[in-house]
Amino acid sequence: MQQWWTLPWLCALLLGLMGLRVSGSDFQHHRYEDMVRALFAVQSECPYITRIYSIGRSVEGRHLYVLEFSDNPGIHEALEPEFKYVGNMHGNEVLGRELLIKFSQFLCEEYRAGNQRIMRLIHDTRIHILPSMNPDGYEVAARQGPEFNGYLVGRGNSREIDLNRNFPDLNALMYYYEKTSGRNHHLPLPDNWEHQVEPETLAVIKWMQNYNFVLSANLHGGAVVANYPFDKSRDPRIRGRTTYAATPDDKIFRKLARTYSYAHSWMHKGWNCGDFFDEGITNGASWYSLSKGMQDFNYLYTNCFEITLELSCDKFPPASALPREWLGNREALVSYLEQVHHGIKGMVYDENNNPIGNAEISVSGINHDVTSGVDGDYFRLLLPGTYTVTASAPGYLPSTSTVTVGPAEAIQLNFYLKTAPKQNLKGKPHHGKKNLSSPKAPLKLGPR
């Protein structure tokens, strides 16, 4: 019995030396009402750095609650990046839900304890945590419990729709534009898209429209690996064949995935759940092709870079496994969040120092642009190196600068755009929506 206590004690000691305390609160599974109480308890405990808001309701009317951490809750501060964690998209994949509840408690406790690393994160980042995107599916899975839960029971929402196959398919349009030199970011949504998605999906898309997220992770279960875009293959699907589908930002996505994997206690070792993933990471399409997924949608429709974290072999682990999983994931959750502060950021102004929203920020050699937010601030994740960056907006002359990015905090690079002469005021060509439905293929239901 003495030996059983030794490893957790040593882990607690090491994490304490890193500035991360071990919370004494109990580990348990949270049904919907329990989860809501836990979130509001955190908000009550740390009222000056938290806010709870709902982004919508599930099919059965449950709120999709988000807990926000910021030194100014409810306010976007210019040059302060927006970050999100999303859990429990598949209702029967529950570890992400419990980790995010625990992570919320941890952020509050560490802030109050004066942990400088956590205080700096909350002061410099606006953090949004959605523990459960699929509360209805969770209740179905929870009624069976950890011992008897099947691979699919509770995976979908109450209409049994898989929410990670429910986003508008922008990959087909992107792959077409790659061949025709079309736009490379913020692709248009299809007509009547709001009537083609589930309420939970609609709520998350509206959430993305309302906040200029920079970085995100989507927590799943059923494997142990950090999965990065693209999820959908560029090639026609052939049974048994997988092909790597790189984004223009493949190098930074690999870095983001490795950040989580190597900060995780065992993900980076590669062998987990009977599968091997080198360094504990994989390109989505290289694993298996998936259409209409959330992480690809983030990249193609917004400024946000998202990866999918598969965190446990057991989709619904027993409560007794939660302490070990928390210790295994805690440093990784913090380290990944810190990645939002890398690359470049800045303001885009006109000649009178008025901020310009929706300006395009282009990096030479990377065929994926980002845009400035309504306050004129932009964020562009980049690896260390020297880059040529151009800011442009309709009615203004583009401005180009060269910047060297280091391994530490983001470099601030502001742009001042001059009004273009009237004869140069030409609108950009309109890229109409294309009806590019993907060929039907056998549906593969992997962990994602």
Side-chain angles (χ1 to χ4, degrees), residues 29 85-100 131-134 137-138 141 146 149-156 162-165 216-233 237 240-245 253-254 256-296 298 306-318 321-322 324-333 335-336 442-448:
H29 286 293
Y85 271 132
V86 178
N88 202 205
M89 184 182 200
H90 290 146
N92 65 333
E93 297 172 13
V94 307
L95 179 60
R97 173 188 179 113
E98 298 307 329
L99 288 176
L100 291 182
S132 182
M133 180 179 166
N134 185 6
Y138 176 86
N149 187 257
Y151 196 77
L152 296 176
V153 176
R155 176 185 175 95
D162 187 332
L163 299 180
N164 207 30
R165 311 289 191 280
S216 173
N218 177 19
L219 281 58
H220 284 243
V224 178
V225 64
N227 175 100
Y228 55 92
F230 284 125
D231 269 337
K232 183 175 180 177
S233 172
R237 287 204 219 166
R241 176 185 171 189
T242 59
T243 56
Y244 196 112
F253 271 119
R254 288 176 61 85
L256 291 169
R258 279 196 297 263
T259 295
Y260 198 95
S261 178
Y262 278 94
H264 188 282
S265 294
W266 55 88
M267 183 182 288
H268 61 279
K269 295 179 181 179
W271 282 109
N272 290 290
C273 316
D275 292 320
F276 178 77
F277 297 100
D278 189 29
E279 297 188 286
I281 69 174
T282 186
N283 172 259
S286 182
W287 187 7
Y288 62 88
S289 186
L290 181 162
S291 294
K292 300 184 178 182
M294 184 163 71
Q295 74 173 8
D296 286 6
N298 269 270
E306 179 174 279
I307 68 172
T308 301
L309 300 170
E310 302 284 351
L311 298 178
S312 60
C313 304
D314 190 346
K315 286 173 174 275
F316 204 130
L322 297 180
R324 176 179 182 267
E325 295 289 355
W326 169 241
L327 288 176
N329 282 275
R330 178 170 57 184
E331 172 58 28
L333 288 166
S335 294
Y336 183 78
L443 180 63
K444 181 174 181 180
L445 287 178
R448 293 176 288 154

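Just the heavy atoms: all of them, side chains too, but no hydrogens, waters or symmetry mates, feed the values below.
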Next item on the list: Might you work through the side chain to side chain donor-acceptor pair (under 3.5 Å) test for His90 and Asp162, ending with a clear yes or no?
Entry: CA-CA 7 Å; His90 290 146; Asp162 187 332; 2.7 Å; yes

Would you say [X] and [Y] make side-chain contact, with heavy atoms under 4.5 Å?
X	Y	value
Thr242	Ser233	no
Met267	Leu311	yes
Glu93	Leu219	no
Phe316	Tyr138	yes
Val94	Ser132	no

The side chain to side chain donor-acceptor pair (under 3.5 Å) partner of Tyr228 among Glu306, Arg258, Arg254 is Arg254

Could you give me the CA-CA distance, side-chain angles and deciding distance for Gln295 and Asp231, then say whether side chain to side chain donor-acceptor pair (under 3.5 Å) is met?
-> CA-CA 8 Å; Gln295 74 173 8; Asp231 269 337; 3.0 Å; yes

How close do [X] and [Y] get, heavy atom to heavy atom, and via which atoms?
X	Y	value
Lys232	Ala245	O-CB, 3.5 Å
Ala263	Ala332	CB-CA, 3.5 Å
Asn283	Pro229	ND2-O, 3.1 Å
Ala226	Leu309	CB-CD2, 3.9 Å
Asp314	Pro318	OD2-CD, 3.9 Å
Tyr336	Ala217	CE2-CB, 3.6 Å

Item to complete: Report the C-alpha separation of Met89 and Asn134 in whole Å, then their side-chain angles, then the decisive distance to 0.1 Å, and conclude whether the side chain to side chain contact (heavy atoms under 4.5 Å, CB included) test is met.
Response: CA-CA 5 Å; Met89 184 182 200; Asn134 185 6; 5.7 Å; no

**Report entry** Short side-chain donor-acceptor distance under 3.5 Å, Asn227 and Glu310
**Finding:** no

Pair Trp266 and His268, ring centroids less than 6.0 Å apart:
no

Requested in this report: Walk me through it: do Met294 and Val86 pass the test side chain to side chain contact (heavy atoms under 4.5 Å, CB included)?
Outcome: CA-CA 10 Å; Met294 184 163 71; Val86 178; 4.0 Å; yes

Inset, instruction - List the steps and the verdict of side chain to side chain contact (heavy atoms under 4.5 Å, CB included) for Tyr288 and Thr282. - result: CA-CA 10 Å; Tyr288 62 88; Thr282 186; over 6 Å; no

Mind checking the [atom1]-[atom2] spacing from [X] to [Y]? Nearest 0.5 Å is all I need.
X	Y	atom1	atom2	answer
Leu99	Asn88	CG	CG	11.5 Å
Asn164	Ser291	CG	OG	11.0 Å
Ile307	Asn298	CD1	CG	11.5 Å
Leu322	Leu327	CG	CG	11.0 Å
Asn329	Ser335	CG	OG	11.5 Å

Apply side chain to side chain donor-acceptor pair (under 3.5 Å) to the pair Tyr262 and Glu279, showing each step before the final yes or no.
CA-CA 8 Å; Tyr262 278 94; Glu279 297 188 286; 3.0 Å; yes

Residues passing the ring pair (Phe, Tyr, Trp, His ring centres under 6.0 Å) test with Phe276, sequence neighbours excluded, are Trp271

inquiry  = Determine whether Val225 and Trp287 satisfy the following criterion, side chain to side chain contact (heavy atoms under 4.5 Å, CB included), listing intermediate values before the conclusion.
reply    = CA-CA 11 Å; Val225 64; Trp287 187 7; 3.8 Å; yes

